[in-house]
2 protein chains.
Amino acid sequence: MARQEQYEELAKQLSSVAAVRRDLARLLPPDCSPASVILLALLRQYGEMRMSRLAELLAIDMSVTSRHVAYCAARGWLDRQPDPADRRSRLLRLSPDGEELLGQVSVRYTQALAACLKDWSDDDVGTLIDLLARLRASFGDCRARTPHQSAAGADCHAPAPQLPAQ
Amino acid sequence: MARQEQYEELAKQLSSVAAVRRDLARLLPPDCSPASVILLALLRQYGEMRMSRLAELLAIDMSVTSRHVAYCAARGWLDRQPDPADRRSRLLRLSPDGEELLGQVSVRYTQALAACLKDWSDDDVGTLIDLLARLRASFGDCRARTPHQSAAGADCHAPAPQLPAQ
DNA sequence: TATTGTTATACTCTATAACTATA
DNA sequence: TATAGTTATAGAGTATAACAATA
């Protein structure tokens, strides 16, 4: 396959991953959104952090992160402590309830994935994980060099071709 | 990595793919949604089809598909012809304007991916594409066997589409 | 009566902009 | 003045349910 065909196919496959993500989301408890799970999982993995760092890890705007964090805090899944170094910030930390929630989600995810991927080899699953992590890293690097709305963002953002706009 | 850890990690990586998809979506012309692109690309790949088949390929509800199709039809990107075999249905077909739109999108996607993935080997890109296609197929099979809610459309689900893997 | 497709409504997630509190 | 975070608003995407037309 030529490189350009590869890119088109990759873009298509990335789009269809959304369906898989929706399937996984259906497994969650009613008041637990997918966003909550990702957020809490990041807190478990990286430990205490500020809002801005969390937004960066999630690759979403801080305003959105703020709402997700408030949602989780209201349910006791995370704690917010004042940051002694900067009183504008609060340090976010996974709570025991949050840990328990992650445990329950893990059980559901694992059962579903075990059922759907039972004919996958460990190597294949591992390779997919590695490549997805690398994909995200490559895009993250690219995004870091070219802020979204900047007019000078030439690396990732193609110049706009003429369109039959409407 | 133990199988259960693999599954947790996979679920996490799948979530972060959303950020990559958002980045790609930012490349699109203002009136062209990501949903339109996927829809039109499926019409180009599989040719003329009915709404129900398209919804199945997209793995989204037919009501949603109907809206996306209407949006594309209003912009002349696809044609809807009466189905001679069943007057309840219309046959959807990519229009010349739709083909041109896909071509422009392809240019933008390719440029962006070429910039972000310039240090990836062809083999790695190909492996990622294959594994994503296989992942979607595995989930499609699983979904077909275990309908989400109750007896909505239990046994009338056609088997998951065979992916072209190219 | 069942099925194809459409429309109305509600919910989730995200981005932009305006705002506050602090640096 | 600049930055961290919050809130209001708007837009895109999807699911459910009610409906129309046809099988």
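The chains referred to below are lettered A, B, ... by the order of the sequence lines, with proteins before strands, and numbering in each begins at 1.
A cation-pi arrangement is absent between A:R67 and A:Y71, since the terminal nitrogen or guanidinium carbon is not both under 6.0 Å from the aromatic centre and inside a 45° cone about the axis.
Taking five base pairs at each end of the helix from C:dG5-D:dC19 to C:dA23-D:dT1, the local helix axes there meet at an angle of 0°, rounded to 10°.
Annotation for B:R22: atom CZ counts as buried by contact number, over 12 foreign heavy atoms lying within 6.0 Å.
One interatomic measurement links the two molecules: CG of B:L28 to C1' of D:dG11, which rounds to 15 Å at whole-angstrom precision. Per the geometry, CZ belonging to B:R67 stands 19 Å off P belonging to D:dC19, to the nearest Å. Across the protein-nucleic acid pair, A:L24 atom CG and C:dC13 atom C1' stand 17 Å apart, rounded to whole Å. To the nearest angstrom, P of C:dT3 lies 17 Å from CG of B:D83. Rounded to an integer number of Å, the gap from CZ of B:R26 to P of D:dG11 is 18 Å. Counting to the nearest Å, the P atom of C:dT6 and the OH atom of B:Y71 are 17 Å from each other. In this entry the distance linking CZ of A:R21 with P of C:dT12 reads 15 Å, nearest Å.
Heavy atoms only, all atoms of each residue included: B:M62 and B:S52 are closest at SD-CA, 3.8 Å. A pairwise comparison of heavy atoms in B:L117 and A:R3 identifies O-NH2, 3.3 Å as the closest pair.
With sequence neighbours excluded, the residues forming a side chain to side chain donor-acceptor pair (under 3.5 Å) with B:E9 are B:Q13, listed by chain and number. Every residue meeting the side chain to side chain donor-acceptor pair (under 3.5 Å) condition with A:D86, not counting sequence neighbours, appears here in chain and number order: A:R88. Taking A:R134 as the reference, B:D124 meet the side chain to side chain donor-acceptor pair (under 3.5 Å) condition, with sequence neighbours excluded. Remark: B:S66 pairs with no residue by the side chain to side chain donor-acceptor pair (under 3.5 Å) rule, at least two apart or across chains. B:S63 is linked by a side chain to side chain contact (heavy atoms under 4.5 Å, CB included) to B:D61, counting only residues two or more places apart in sequence or in another chain.
Between B:V125 and B:L113 the shortest side-chain heavy-atom distance does not fall below 4.5 Å.
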List the atom pairs, donor and acceptor, that lie under 3.5 Å between side-chain atoms in residues 93-102 of chain A and the rest of the protein, sequence neighbours left out.
residue, atom, partner, partner atom, Å
A:S95, OG, A:G76, O, 2.5
A:S95, OG, A:W77, O, 3.0
A:S95, OG, A:D97, N, 3.4
A:S95, OG, A:G98, N, 3.1
A:E100, OE2, A:Q104, NE2, 3.4

Identify each donor-acceptor pair in which a side-chain atom of residues 38-51 of chain A lies under 3.5 Å from a protein atom, sequence neighbours left out, and give them as a table.
residue, atom, partner, partner atom, Å
A:R44, NH2, B:E8, OE1, 3.4
A:Q45, OE1, B:K12, NZ, 3.0
A:R50, NH1, A:S89, OG, 3.1

Output side-chain donor-acceptor pairs under 3.5 Å for residues 29-36 of chain A, partner residues at least two apart or in another chain, one line each.
residue, atom, partner, partner atom, Å
A:S33, OG, A:S36, N, 3.1
A:S33, OG, A:S36, OG, 2.9

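Looking at residues 45-63 of chain A, you'll see A:R50, A:M51, A:S52, A:M62, A:S63 sit with a heavy atom under 4.0 Å from some atom of DNA chain D. For the contact set between residues 30-42 of chain A and DNA chain C, defined by any heavy atom under 4.0 Å, the members are A:S33, A:P34, A:A35.
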Between the protein and nucleotides 20-23 of chain D, list the N/O to N/O atom pairs that are separated by less than 3.5 angstrom.
residue, atom, partner, partner atom, Å
D:dA23, OP1, B:R87, N, 3.1
D:dA23, OP2, B:R87, NH2, 3.3

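Under 4.0 angstrom from either OP1 or OP2 of D:dT14 there lies at least one side-chain N or O belonging to B:H68. The phosphate of C:dC13 has neither OP1 nor OP2 within less than 4.0 Å of any side-chain N or O from B:R22.
Separating the OH atom in A:Y7 from the OG1 atom in B:T110 is a distance of 8.0 Å, to the nearest 0.5 Å.
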